[in-house]
Amino acid sequence: MTNHIVLFEPQIPQNTGNIARTCAATNSPLHIIKPMGFPIDDRKMKRAGLDYWDKLEIHFYDSLDEFMDRMTGQLYLISKFAKKVYSDGDFKGDVDQYFLFGREDKGLPEEFMRQHPEKALRIPMNDEHVRSLNVSNTVCMIVYEALRQQGFTGLELHHTYEKDKLK
């Protein structure tokens with residue numbers, strides 16, 4: 001089972017770069033649904049991802065419909081309009097999981113959200129004061145909750161200082 005991160009029409013290169021780094025650190029494939037608000041070779045995005053691009057499995061789709069046609073597994077929509085809290089999700093199954101995040105400025109399409117309300121999860125926040133959380137922070141919270149439930153399988157749980165490795 002694999003946790004997949006899916007970005008719908010990302011608009012900010014630094015966010016996508018940070019998300020790419022999180023994906024590389026967590027062995028999570030990154031899926032990008034076009035159009036993007038910047039070219040994929042944008043230097044701001046590459047700088048945010050630093051030298052992790054060669055460690056990243058990345059897929060591109062021309063539309064949400066194309067992604068839905070090709071996706072196999074459990075889909076979760078991450079949105080402030082969800083009724084269910086992300087920490088109530090059960091991410092321990094044996095099927096691939098796809099976490100779909102909307103555009104930074106508009107979120108996911110309303111019609112699509114209304115067609116799949118049972119798949120929607122939200123992160124609790126004070127909606128009166130803040131319109132939304134940063135998408136790269138949100139991705140990190142969701143993928144690490146899934147990994148926590150999965151026992152952080154495939155990740156290094158302890159790291160040793162170089163000096164201690166020589167002993």
Sub-4.5 Å side-chain heavy-atom contact between [X] and [Y]:
X: Phe101; Y: Pro10; value: no
X: Leu133; Y: Met125; value: yes
X: Phe8; Y: Phe112; value: no
X: Thr138; Y: Phe99; value: no

Roughly how far, to the nearest 0.5 Å, is the [atom2] atom of [Y] from the [atom1] atom of [X]?
X: Lys92; Y: Gln97; atom1: NZ; atom2: CD; answer: 10.5 Å
X: Asn134; Y: Asn18; atom1: CG; atom2: CG; answer: 7.5 Å
X: Leu100; Y: Ile142; atom1: CG; atom2: CD1; answer: 12.0 Å
X: Leu77; Y: Lys119; atom1: CG; atom2: NZ; answer: 7.5 Å
X: Phe67; Y: Ile33; atom1: CZ; atom2: CD1; answer: 5.5 Å
X: Met36; Y: Ile12; atom1: CE; atom2: CD1; answer: 12.0 Å

Show the nearest heavy-atom pair for residues [X] and [Y], with the distance to one decimal.
X: Phe60; Y: Glu66; answer: O-OE2, 4.5 Å
X: Ala120; Y: Met113; answer: CB-CE, 3.9 Å
X: Glu104; Y: Glu9; answer: OE1-O, 4.5 Å
X: Leu121; Y: Val85; answer: CD2-O, 4.1 Å

Handout entry: Pairing of Glu145 and Arg148 as salt bridge, 4.0 angstrom limit
Key = yes
Practice task
Look at the side-chain heavy atoms of Ile, Leu, Val, Met, Phe, Trp and Tyr, link any pair under 4.5 Å apart, and say whether Tyr61 and Ile32 land in one connected group.
Solution key: no
Practice task
For the residue pair Tyr76 and Phe91, categorise the inter-ring angle as parallel (less than 30°), tilted (30 to 60°) or perpendicular (more than 60°).
Solution key: perpendicular
I'd like to know if the side chain of [X] pairs up with that of [Y] as donor and acceptor (distance under 3.5 Å, no hydrogens or angles considered).
X: Asp96; Y: Gln74; value: no
X: Asp65; Y: Ser63; value: no
X: His31; Y: His4; value: yes
X: Asn3; Y: Gln150; value: yes

Handout entry: Qualifying residue, where the test is side chain to side chain contact (heavy atoms under 4.5 Å, CB included) with Glu57 and the options are Cys23, Ser28, Pro29
Key = Pro29
Handout entry: Verdict with reasoning, Thr16 to Phe38, per side-chain contact (heavy atoms from CB on, under 4.5 Å)
Key = CA-CA 10 Å; Thr16 303; Phe38 53 90; 3.3 Å; yes
